[in-house]
Protein chains: 2
Amino acid sequence: MEEVLVSEGRALKHVQVREYVRSLVSGAAPGSPAPSERELVHRFGVARMTVRQAMDALVVEGLLERIPGRGTFVARPRRAASRLTCFTEEMARRGMLAESQTLLARREQAGPGVARALALTEGDAVIHWKRLRRADGVPMCIEDAYLNEVLIPGFLQSGMPTSLYDALGQRGLRPTWAEDSINADVANEEEARHLEVEAGAPVLRHSRRALVGEKVVEVSRSVYRADRFTLWVQLGQEG
Amino acid sequence: MEEVLVSEGRALKHVQVREYVRSLVSGAAPGSPAPSERELVHRFGVARMTVRQAMDALVVEGLLERIPGRGTFVARPRRAASRLTCFTEEMARRGMLAESQTLLARREQAGPGVARALALTEGDAVIHWKRLRRADGVPMCIEDAYLNEVLIPGFLQSGMPTSLYDALGQRGLRPTWAEDSINADVANEEEARHLEVEAGAPVLRHSRRALVGEKVVEVSRSVYRADRFTLWVQLGQEG
DNA sequence: CAGTGGTCTAGACCACAGT
DNA sequence: CTGTGGTCTAGACCACTGG
């Protein structure tokens, strides 16, 4: 929760120590030793509690692991639940090149369904963006998204990005939460034409409601070619 | 990581403070104030850093929230990612009654694929359990599961449970991690017969590899009627 | 203004690892 | 044995909040 900021002001000591240690161990192999607390006390001329505050943050973060009597070490990366990604990022993760062909991109007034999903009032401005998505040149999915216009003024004019979540992130609006539903269906005529399959071919239908904090930034429906796409989810017990 | 234990020994002070505060706020409404740090200092006769250590743990845990200049308050429950559930639990969550018809339940020797998935050696003993699952009487899915026999000796003899994860939990083996894959397909003849749909009807295919710690306890493939079942997933940014 | 949490100091003793 | 992290003390000053 505590953050950097204050571009000119002096940095807090525990932040200095924390970032120093982070830079030391970034890229280090799991199991590598981090500096001992007392060594950092001498190097920075601070109290040990200050060093511990710095190290605590990195331990909670999962970067370091303490072993009493031995020292502090780089933790092996904890199993990570599925990252919240958009199509572009997901394809990149799979080593594929994502391309995008915009079928529709305009400002609209929210209808009742979209307004409810975006937690807006009917008639509020939304951005409607429909794209055909390819991976390594092969049609993969049709994505039909609505964005809350109030949160991203000038989005349509700013040149449409490739990676939606990356673009949102640059505005501090990268989704932190998503509610997805997934089911199976068969392609209708229009979908089949775009996806270059036979009508009636199996498809995966994916709906998403993406939030940043309490604000809904995106709702979308996507239809994926089942012969080209399998969804992967990794779930942990906690949150 | 620090834990209670030492049934006879004296409890650590920060643990005493932590558990005192936890008991105070358990059941309290979000936004209710917790005792101030200095109040706890006086009540327990400890240093403020000790109190802060206790409170820090509860803040990291998500139970408390600090507001500088105001105080410490009961946090509203953070959004929870999808719980790791089995069919029985998932149907219960939807307010439906899960029933189960065993199609096959026996001890087998692991074939190459199952052995790899369960992190065993080919020929190791596994439990093969195939069931037709109904919700409110309607066929919903066919689940074909393999369990690591070594981890659950006598499972077949102990009377098959309704909720697999509940039964595993009673042996301390409730999965804490799952790797799922989901895609769309059409039902083959046998599946269609069991699910009481036409062959070629859309279905959702769901594979799971469920672990507790580092041990793989279950691998399964399920096929769901797409007209009766939609998968829901809630994802957070972190883990 | 008084009260809160945020940061920080300069020590201390303990249990435990490894040599 | 030395060095490590785990715990704890008794203060201090700060920025911020609310009345």
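One interatomic measurement links the two molecules: CG of B:Leu64 to C1' of C:dG5, which rounds to 13 Å at whole-angstrom precision. When the P atom of D:dG3 is taken as reference, atom CG of A:Leu40 falls 16 Å away, rounded to whole Å. Straight-line distance from the CZ atom of A:Arg18 to the C1' atom of C:dC8: 16 Å, rounded to whole Å. The interatomic distance linking B:Gln53 (CD) with D:dG5 (C1') rounds to 12 Å, in whole Å. The separation between B:Glu37 atom CD and D:dC16 atom P is 18 Å, rounded to whole Å. Between the CG atom of A:Leu12 and the P atom of C:dG5 there is a distance of 19 Å, rounded to whole Å.
Of all heavy-atom pairs between A:Val126 and A:Ala110, the closest is CG1-CB, 3.8 Å. When every heavy atom of B:Val46 is checked against every heavy atom of B:Val41, the shortest pair comes out as O-CG1, 3.1 Å. Here the shortest heavy-atom pairing between A:Val21 and A:Leu58 reads CG1-CD1, 3.7 Å.
Put simply, A:Arg52 has no side-chain N or O that comes within less than 4.0 Å of OP1 or OP2 on D:dG5. The phosphate of D:dG3 (OP1 or OP2) has no side-chain N or O of A:Ser36 nearer than 4.0 angstrom.
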*How does each nucleotide of nucleotides 9-19 of chain C score, in 5' to 3' order, for protein heavy atoms under 4.0 Å: base (B), sugar-phosphate only (S), or none (-)?*
BB-B---BBS-
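Of the possible donor and acceptor atoms, none in the side chain of B:Ser207 sits under 3.5 Å from a partner among the backbone N and O of B:Arg221. For the pair A:Glu89 (side chain) and A:Cys86 (backbone), a donor-acceptor distance under 3.5 Å is present. Judged by distance alone, with hydrogens and angles left aside, the side-chain atoms of B:Arg209 form a donor-acceptor pair with the main-chain N or O of B:Ala117 at under 3.5 Å. The backbone N or O of A:Asp144 sits nowhere less than 3.5 Å from a side-chain atom of A:Ser220 that would complete a donor-acceptor pair. A:Ser82 places a side-chain N or O within 3.5 Å of a backbone atom of A:Gln234 that can act as its donor or acceptor partner. Under a 3.5 Å cut-off, the side chain of A:Asp124 and the backbone N or O of A:Thr121 do form a donor-acceptor pair.
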*Give the dot-bracket string for DNA chain C, reading 5' to 3', where a pair is Watson-Crick or G-U wobble with both distances under 3.5 Å, ( ) marks pairs inside the strand, [ ] marks pairs crossing earlier ones, | marks a partner on another strand, and . marks unpaired.*
||||||||||||||||.|.
